[in-house]
**Q** 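There's a structure below that I have some questions on.
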There are 4 protein chains.
Amino acid sequence: MAEVRVAIVGATGYVGAELLRLLLVHPSVRVTLVAGRSGAGEAISRLLPSFTGLCDLKVEAFSPELVRERAEVAFCALPHGASAETVRELRKLGVITLDMSADFRLHDLAAHKHWYGEHHAPELVNEAVYGLPELHRDAIKRADLIAVPGCYPTSSIFALAPLVRAGLIDLAGIVVDAKSGVSGAGKAPSQGTHFSETSEGIRAYKSGGQHRHTAEIEQELSRIAGSDVRVTFTPHLVPMTRGILATTYAMAKGPQVTAAACTEAARAFFAGSTSVAVLDPGMHPDTLWVRGSNRAHVAYARDDRTGRIIGMATIDNLVKGAAGQGVQCMNLRCGLPEAAGLGVSGLSP
Amino acid sequence: MAEVRVAIVGATGYVGAELLRLLLVHPSVRVTLVAGRSGAGEAISRLLPSFTGLCDLKVEAFSPELVRERAEVAFCALPHGASAETVRELRKLGVITLDMSADFRLHDLAAHKHWYGEHHAPELVNEAVYGLPELHRDAIKRADLIAVPGCYPTSSIFALAPLVRAGLIDLAGIVVDAKSGVSGAGKAPSQGTHFSETSEGIRAYKSGGQHRHTAEIEQELSRIAGSDVRVTFTPHLVPMTRGILATTYAMAKGPQVTAAACTEAARAFFAGSTSVAVLDPGMHPDTLWVRGSNRAHVAYARDDRTGRIIGMATIDNLVKGAAGQGVQCMNLRCGLPEAAGLGVSGLSP
Amino acid sequence: MAEVRVAIVGATGYVGAELLRLLLVHPSVRVTLVAGRSGAGEAISRLLPSFTGLCDLKVEAFSPELVRERAEVAFCALPHGASAETVRELRKLGVITLDMSADFRLHDLAAHKHWYGEHHAPELVNEAVYGLPELHRDAIKRADLIAVPGCYPTSSIFALAPLVRAGLIDLAGIVVDAKSGVSGAGKAPSQGTHFSETSEGIRAYKSGGQHRHTAEIEQELSRIAGSDVRVTFTPHLVPMTRGILATTYAMAKGPQVTAAACTEAARAFFAGSTSVAVLDPGMHPDTLWVRGSNRAHVAYARDDRTGRIIGMATIDNLVKGAAGQGVQCMNLRCGLPEAAGLGVSGLSP
Amino acid sequence: MAEVRVAIVGATGYVGAELLRLLLVHPSVRVTLVAGRSGAGEAISRLLPSFTGLCDLKVEAFSPELVRERAEVAFCALPHGASAETVRELRKLGVITLDMSADFRLHDLAAHKHWYGEHHAPELVNEAVYGLPELHRDAIKRADLIAVPGCYPTSSIFALAPLVRAGLIDLAGIVVDAKSGVSGAGKAPSQGTHFSETSEGIRAYKSGGQHRHTAEIEQELSRIAGSDVRVTFTPHLVPMTRGILATTYAMAKGPQVTAAACTEAARAFFAGSTSVAVLDPGMHPDTLWVRGSNRAHVAYARDDRTGRIIGMATIDNLVKGAAGQGVQCMNLRCGLPEAAGLGVSGLSP
């Protein structure tokens, strides 16, 4: 395609806005439609002043026909649960759809029901491809419905998947202690994201295996392992806007599993990746280094005293953990260079 | 003692300044001397403008005789390694000494050498009492040299000790993922604590069992357990000034070890404590709730899917993790109410 | 009074919570009632976990009789407009009332109507004393209704009043550029105080003389000047939780009005103050130095190139800009030492 | 030129790193050399990990011949004072030079001496063009030495220049109250930029007309006015990494000078600009909206009560206040589209 025409459905949330930020400077894309359930008729630059002078689109009321008319590709940036039916309408009209919600990420309908409730478009689940290019590059190239994973799974899987694939760690006893910036909680204000109660404090939430994204992490690691993998996953809220750090813990399978060995395995795993860099042992990924970029940094340490491997991975939750990942999938699906429009380094400092 | 006369040695670092902040409003204390190796002759309120109009002391050059003349009790807030010889001088003159450094926290000289190098006053190690009142209240009351523990051990031990004491968790496989505010790194500026490279980012450091405070955590847990306990300890730097959250992971000894059972064990463990509150299951301690206070909050969750207990503890690293803990020890040693001068709640928000 | 019994009406907002934080450690006060329109029956420590283990009061439904029965003094920490009628009820029963809202701060009913709308208890306006001890100490001692001023007026007046009193500046052309932490916006979450849209950004708001507190600043400066004073007041929201810095600009009346002369005038103005420190010329007050304290720092510079005086004042908006100021007024009214319970220095860092 | 070959001298400071971040994704540029006085031989991605996997250049020792050999254009990102001699060497060899320091920004050598000391390359001062495209677009297109202005002058001039040009304000009595993120202080750590003493606090610095950038603001406004303009300029340090907000105050020349009139004048002034957006009256520019972008937002309010115009301008100090502005100048000089490589919107949130 010479120029891909793209629609963003749900453009005024954080993921939608980030998609627009990235796509407006993408060399092979034209954003032709920003649609929403609210705000119709308003200039997007009025709702999101960072676009003033850069984008003169107005928000339009969503209809699948309008999307079909204007675009080959649609990004659905709607809340979990709300997305499935919109996706169904778009798929009926043949629109290539990248769904940013969790609605199509789990392949097991029982698991979906357990974590999210009844599925609203179960017939599409098998069609959907899990949109993590580093794991499913080829399938993404052929998929018409791509379920783009979010920030916790991406970072957790990046730290652990190379070790699982290479058989370097025990599959039992994996711990993921994840630290997220506040933008991961979305745009709607709440007591828990009120500045005065978020700044200068850190806290866990949904501890004890209550966070729904646990299921995705386990699905993908189990697939790689070929057997059931369970993780203890604890998310934390950090007083910063963007970024996720997943610190993972697993027992090394013997003394030969050094930090260097893990690093080597990860470099093999991510060979040719346009997004992931594996840092040398001794370095500690900082979310600041990847802020605003579609980059992931991964690194490993070994605690010789306890025989445990510490795997660390950082991403920007709104880019490689959401919008950037979506664009990367779109590039693959549309035959564009995988990193098109995604080459910028982290905004650091 | 009607009024305890107190000297602060090393008053211009963060711990020294925090001691002064607390002691100036302590109802039974008079600060009679602030001594330092630098800044002698300067008004303390010039060096630390928060004291303007509240303290007219000048920094004086340290001499043990001067301390002896002016004070019954001395706080030594000097760097690790630099403290031991000053403590020796003070102890020779009979001054009750609260050492804020790590110099006398480890009882095993071999362990001390491994983590910190050769000890500069080894003859005093056996005399020193580990200044964690919740573990050593009675010994502290009789001690003339108190080694006040810092922020990582206090928070990590608080989350884990009740479970170890009650035999609720496996002693093997304990993970401590700790998150600290930047003030824990002290007052000296460095690239790693430069605002522009610390704000809006999170990173681990000294991963792989490299952090020296691991030894204290293990010493105290092993003492309680009656056998050797090892932990995988990973500190992280969080973009906030004060506060530590230790998130700990351990395998429950069976299904009866619920979050409620852990909570009950911790409430028994901390019964009568003037500093520690054990929150109900379902609550997540926030460092903001204890900021500026000598409080610790502890809470537990259980991940039924993996049988793992998540123990969380928060403190203000400069108060319950340093200066406040020192004052609490001083209160015990001087026959004052344990919470004297330490009753204020957290500065939240 | 040996011990003052105090009620806090509206205890769960930021000002109410801060009152509770201060009063629980006040040596001559017992908090006997925390009342609210919502949350009745809940333990205050459940709503505000920083009080866990320190305060076992439950929120009770407000009634003026209950306040009268339990307390000599009531603090009203209710929103502007909502406070007036509650104050009327309390005053009818003879309760000494400290109103934290703006309802009784303006003496001119026309001005009140202009900025806030119709007054709900106009008959009490003349009885109310403006609760800024540094300006109205004697009147506060005799007042039964004290209208405690907020953060913008306190800081702005502190920087300017000494210069106006001493006749050092032109009364025309005064500019106040004020920078506030986010807690000044209160506890209710909103898009404008959502962490992700507040952190890492600064913006003005209500520019062009739209902010209602302008009226108080002008009322008090005009009173001191003996003639009408108008100021251009622009508030800004700064990505920090607590603190206000007012930077003020005024033309010096001639070259003899140096920074030193302004400093001297301010030290005379605030002579004997338990709350205000005037820093030496060359120093720049930092809100961090007064955080969590009832302190105000004031300092002056002169721009010789333009003949303009820059006056700067910092306070903690929730302490000297609200709760601490209220306690200071209460101390005066109840014959206690003015600084009782308010002696702590700023939490810095 | 099909592809411009560019060298960055001083690549490891914040401005140098930001130049590299922008130029690596510039469609018509190839960075062929990163040179520094320190770090030679090190991979730039080792020094600045955000470039890992994106740039394999090594830092090389600076020599003017090397620059000449590799590049048509050089950016000099060296400290004030250190830059002049390097620029002289580069200009001798005919390299088009964009100097990011203040060394060539002032045309008046006496003023330069007053603010910065003796000039090290005075013979080049007349050749240099002030690199603010919105004021000197045509001259920049023909200049071989471009003195790129920094963050305070850019934002202050943007708020005021349209009003001066249109004759809407009194030239006497202008006040600029500027608020900067901490990255403006550069990469070298210091007590004043230490996280624990910068976070959660705001303070002025160099008040009283002491800041050197005052001279640039006055130079450019005076040129536009055709007469001598003086401003009272007070910079402040805000606890955020990036961004500057200049809030400016000036007396309107009569009641017809409304916010709408100022807005209209500014839109005329910036007509066709690729970088500046003038927001509608009632909007308040937020530095967050321009973070990471080469955008400037300008807006106006009028205080009818005092007849004063409040002009506000925001930029990212490292982009439109430094590196982005340099790239914009380079684009003009090299015949590229002015906004090439600079089209991205602000990273908000």
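Protein chains get the first letters and strands the later ones, always in sequence-line order, with residue 1 at the start of each. Bear in mind the structure is a predicted one, so any value in this text is a computation, not a measurement.
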**Q** With a cut-off of 6.0 Å (strictly less than), are more than 12 heavy atoms of other residues, nucleotides or ligands near CD of D:Glu264?
**A** no
**Q** Do other residues, nucleotides or ligands put more than 12 heavy atoms under 6.0 Å from A:Lys187 NZ?
**A** yes
**Q** At a 4.5 Å cut-off on heavy atoms, which part of A:Thr52 comes close to chain D: side chain, backbone, both, or neither?
**A** both
**Q** Work out which heavy atom in A:His297 is nearest to a heavy atom in D:Ser50; give both atom names and the distance.
**A** CE1-CA, 4.4 Å
**Q** For D:Leu22, is it the side chain, the backbone, both, or neither that has a heavy atom closer than 4.5 Å to a heavy atom of chain A?
**A** neither
**Q** Does atom CZ of A:Arg137 have more than 12 heavy-atom neighbours, drawn from other residues, nucleotides or ligands, at distances under 6.0 Å?
**A** yes
**Q** Check for a donor-acceptor pair, side chain of D:Arg21 on one end and backbone N or O of A:Val344 on the other, with a separation under 3.5 Å.
**A** no
**Q** Go through the atoms of A:Leu48 and report whether side chain, backbone, both or neither lie under 4.5 Å from a heavy atom of chain D.
**A** neither
**Q** Contact between D:Glu200 and A:Ser199 at the side-chain level, heavy atoms closer than 4.5 Å - yes or no?
**A** yes
**Q** Check the surroundings of atom CZ in D:Arg267: do more than 12 heavy atoms from other residues, nucleotides or ligands lie under 6.0 Å from it?
**A** yes
**Q** Which pair of non-hydrogen atoms, one from A:Met283 and one from D:Pro49, has the smallest distance, and what is that distance?
**A** CE-CG, 4.1 Å
**Q** Is any side-chain heavy atom of D:Leu20 closer than 4.5 Å to one of A:Ser345?
**A** no
**Q** Which heavy-atom pair separates A:Leu318 from D:Pro349 by the least distance, and what is that distance?
**A** CD1-CG, 4.3 Å
**Q** Measure across D:Leu347 and A:Gly292 and return the closest heavy-atom pair with its distance rounded to 0.1 Å.
**A** CD1-CA, 3.8 Å
